[in-house]
A.B. asks: 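Below are the structure tokens for one structure; questions will follow.
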Amino acid sequence: MTACKPLPNPSFRLFSFSWIAQFFNISPSLPDRFAQLIRTFTPSYLLDILYASGESAYMIGSTAPSSFDSRVYIVPPFNGTPRDFIRFERDLNIRLSREYVPGGSAGDTEFSLQETLEGMDEYGDILQQDPAEALAWPPHTAAERRALMRHSRRNRMLASYIISHILDENLKGMIQAAFPHDGYQAWRLLKAHCYREPNDLTILEMNKVWADSDFNFNSVGIDENSIGNMIRFLYELNNKRPAARRYTENEVVEKLLSCFKPTISESLSHTAMMELAAAPADRKFIRPGPPRYRTRQGV
């Protein structure tokens with residue numbers, strides 16, 4: 001499928017059309033439509049070549065639209081590219097954790113749509129694999145039949161949310177045709193097509209961004225919220241890495257401390273450098289052990 005193939009990252013100027021829209025004051029949707037036409041009619045092998053030139057950057061930075069209609073979407077919609085999928089997965093999981101099927105019996109509020117997405121609600125695919133939690137199949141009692149009906153309502157509502165948040169029409173059509181009322185399976189099909197495991201090239205790019213990050217590099221800026229914003233930026237960057245290759249909390253805090261340069265604040269820089277140079281027994285920003293390690297709460 002080429003529906004999920006992104007064009008190269010914005011640094012690949014040949015296919016970066018947003019600056020044209022800004023310069024000539026035309027509708028931003030026009031370049032997007034033109035880019036969609038290219039994705040649709042360009043052969044897959046050529047898209048693969050173009051994609052490779054921008055692959056290393058697909059996980060860095062935000063691809064969410066600056067604004068979206070909250071009357072239509074519960075989170076910024078998904079543009080259909082692997083780079084945007086990680087952002088969309090994160091946003092959707094956070095929002096669905098507080099989404100429940102409205103009305104009905106009290107049991108409708110027992111499981112959120114996020115639990116349905118993960119297959120962890122009653123009659124969910126994952127929960128049913130646990131002999132201690134699985135319900136009878138087919139349902140025998142009235143209570144089990146009601147539970148299955150609640151699961152079906154959640155699954156239909158989840159499918160509606162997922163499909164309605166996909167902007168790429170080819171991708172939306174594929175998901176809708178395959179699983180129009182099964183949100184659990186619709187999400188797995190979407191992820192199979194649009195999620196790309198980070199490879200060595202993307203990890204190297206992440207390492208470079210991590211090493212170069214400071215209060216100026218990522219536009220955090222210097223104000224009363226700088227430290228909090230920097231902490232959130234570093235944790236978000238770290239969470240995009242594969243679980244086995246993420247930095248520990250101690251390493252994240254060490255990176256935060258290294259960002260305090262004398263040009264930012266001489267007093268904060270001095271405190272940070274003293275902490276980084278301290279022997280393990282003399283460190284201040286630590287969690288009482290064992291084990292002893294630096295924490296963001298300590299900072």
Side-chain angles (χ1 to χ4, degrees), residues 1-5 68-82 84-198 239-240 242-244:
M1 292 290 297
T2 61
C4 293
K5 290 286 187 181
F68 66 98
D69 190 344
S70 60
R71 297 168 300 180
V72 178
Y73 305 110
I74 60 173
V75 297
F78 172 46
N79 66 20
T81 66
D84 191 41
F85 182 80
I86 294 176
R87 187 277 313 164
F88 178 61
E89 182 178 34
R90 178 201 63 202
D91 290 354
L92 191 65
N93 271 277
I94 292 172
R95 180 56 189 270
L96 290 180
S97 66
R98 59 180 191 268
E99 287 288 327
Y100 298 85
V101 176
S105 64
D108 288 335
T109 61
E110 184 177 355
F111 296 96
S112 69
L113 294 187
Q114 195 277 332
E115 290 170 299
T116 305
L117 182 77
E118 297 296 330
M120 295 301 294
D121 64 339
E122 52 191 358
Y123 280 108
D125 287 48
I126 303 301
L127 200 65
Q128 285 296 100
Q129 296 175 22
D130 184 352
E133 299 288 343
L135 299 176
W137 183 261
H140 298 314
T141 67
E144 289 169 346
R145 286 192 289 272
R146 287 194 297 269
L148 180 58
M149 290 177 64
R150 288 193 295 268
H151 169 73
S152 297
R153 285 198 296 268
R154 285 190 295 269
N155 216 9
R156 288 196 299 270
M157 187 173 178
L158 176 61
S160 176
Y161 275 143
I162 293 171
I163 293 169
S164 65
H165 280 70
I166 300 173
L167 297 181
D168 187 297
E169 292 298 329
N170 293 332
L171 180 59
K172 177 185 290 189
M174 179 189 70
I175 301 296
Q176 190 168 25
F179 300 108
H181 306 302
D182 190 338
Y184 176 82
Q185 294 296 344
W187 178 253
R188 271 135 194 84
L189 180 60
L190 181 67
K191 190 166 184 174
H193 278 266
C194 297
Y195 176 69
R196 293 177 65 91
E197 283 286 348
N239 287 338
K240 291 177 180 177

A.B. asks: Suppose we screen for side chain to side chain contact (heavy atoms under 4.5 Å, CB included). Which residues come up paired with Ala143, at least two apart in sequence or across chains?
C.D. replies: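 Counting only residues at least two positions away or on another chain, Ala143 forms a side chain to side chain contact (heavy atoms under 4.5 Å, CB included) with Thr141, Arg146.
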A.B. asks: Under the 3.5 angstrom rule, does the side chain of Glu99 hit a backbone N or O of Gln114 as a donor-acceptor pair?
C.D. replies: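 Judged by distance alone, no pair lies under 3.5 Å.
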A.B. asks: For the pair Arg95 (side chain) and Ile74 (backbone), establish whether a donor and an acceptor sit closer than 3.5 Å, ignoring hydrogens and angles.
C.D. replies: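 Checked: pair present.
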A.B. asks: Once you round to the nearest 0.5 Å, how far does NE2 of His193 lie from CG of Asn170?
C.D. replies: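 If I round to the nearest 0.5 Å, the distance is 12.0 Å.
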A.B. asks: Applying ring pair (Phe, Tyr, Trp, His ring centres under 6.0 Å), which residue pairs with at least one partner in residues 156-185 are found, sequence neighbours left out?
C.D. replies: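 Residue pairs passing ring pair (Phe, Tyr, Trp, His ring centres under 6.0 Å), neighbours aside: Tyr73-His165.
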A.B. asks: Tell me whether Asp121 contacts the main-chain N or O of Phe111 through its side chain, where contact means a donor paired with an acceptor under 3.5 Å.
C.D. replies: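 Checking the backbone N and O of Phe111 against the side chain of Asp121, no donor-acceptor pair under 3.5 Å is found.
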A.B. asks: Nearest 0.5 Å, please: how far is CG in Leu158 from CD1 in Ile163?
C.D. replies: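 With rounding to 0.5 Å, CD1 (Ile163) is 9.5 Å from CG (Leu158).
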A.B. asks: Would you check if Cys194 and Phe78 make a side-chain contact, meaning some heavy-atom pair closer than 4.5 Å?
C.D. replies: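 Yes. Closest side-chain heavy atoms under 4.5 Å.
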A.B. asks: Tell me which one of Glu122, Glu118, Glu110 satisfies salt bridge (charged side-chain N to carboxylate O under 4.0 Å, His left out) with Arg154.
C.D. replies: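 It is Glu122, the one option of Glu122, Glu118, Glu110 that forms the salt bridge (charged side-chain N to carboxylate O under 4.0 Å, His left out) with Arg154.
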A.B. asks: Kindly compute the distance separating CZ (Arg145) from OH (Tyr123), expressed to the nearest 0.5 Å.
C.D. replies: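 Atom-to-atom, Arg145:CZ and Tyr123:OH are 9.5 Å apart.
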A.B. asks: Donor-acceptor check, side chain of Arg156 to backbone of Asp182, threshold 3.5 angstrom: yes or no?
C.D. replies: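 Judged by distance alone, no pair lies under 3.5 Å.
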A.B. asks: Evaluate the side chain to side chain contact (heavy atoms under 4.5 Å, CB included) criterion for residues Ile162 and Leu117: first the C-alpha distance (whole Å), next the side-chain angles of each, then the deciding distance (0.1 Å), finally the verdict.
C.D. replies: CA-CA 10 Å; Ile162 293 171; Leu117 182 77; 4.1 Å; yes
A.B. asks: Identify the two heavy atoms, one from Leu148 and one from Pro139, that lie closest to each other, and give their separation to 0.1 Å.
C.D. replies: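 For Leu148 and Pro139, the tightest heavy-atom pair comes out as CD2-CG, 3.8 Å.
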A.B. asks: Using the side chain to side chain contact (heavy atoms under 4.5 Å, CB included) rule, take Leu190 and Leu171 through it: C-alpha gap first, then chi angles, then the decisive distance, then the call.
C.D. replies: CA-CA 8 Å; Leu190 181 67; Leu171 180 59; 3.6 Å; yes
A.B. asks: Please report the interatomic distance OG(Ser160) to CD(Gln176), rounded to the nearest 0.5 Å.
C.D. replies: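 Between atom OG of Ser160 and atom CD of Gln176 there are 9.0 Å.
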A.B. asks: Can you see which heavy atom on Gln129 is nearest to which on Pro131, and at what distance?
C.D. replies: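 In this case the closest contact between Gln129 and Pro131 is O-CD, 3.3 Å.
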A.B. asks: Looking only at heavy atoms, which two atoms of Asp84 and Pro77 are closest? And how far apart?
C.D. replies: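 For Asp84 versus Pro77, the nearest heavy atoms are OD2-O, 3.8 Å.
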A.B. asks: Which pair of non-hydrogen atoms, one from Ile166 and one from Lys172, has the smallest distance, and what is that distance?
C.D. replies: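 For Ile166 versus Lys172, the nearest heavy atoms are O-CE, 2.7 Å.
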A.B. asks: Between Trp187 and Phe85, is the gap from one ring center to the other below 6.0 Å?
C.D. replies: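 Close enough - the centres of the two rings lie under 6.0 Å apart.
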A.B. asks: Show, in sequence, the C-alpha distance, side-chain angles and deciding distance for Trp137 and Glu144, and conclude whether the side chain to side chain contact (heavy atoms under 4.5 Å, CB included) test is met.
C.D. replies: CA-CA 9 Å; Trp137 183 261; Glu144 289 169 346; over 6 Å; no
A.B. asks: Is a side-chain N or O of Glu115 found less than 3.5 angstrom from the main chain of Ser112, in a donor-acceptor match?
C.D. replies: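 Yes.
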A.B. asks: In sequence, state the C-alpha distance, the side-chain angles, and the governing distance for Asp125 and Gln185, and then conclude on side chain to side chain contact (heavy atoms under 4.5 Å, CB included).
C.D. replies: CA-CA 10 Å; Asp125 287 48; Gln185 294 296 344; 3.6 Å; yes
A.B. asks: Return yes if a side-chain donor-acceptor contact under 3.5 Å exists between Asn155 and Thr116, otherwise no.
C.D. replies: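 Their side chains do not contain a donor-acceptor pair, so the 3.5 Å distance test is not met.
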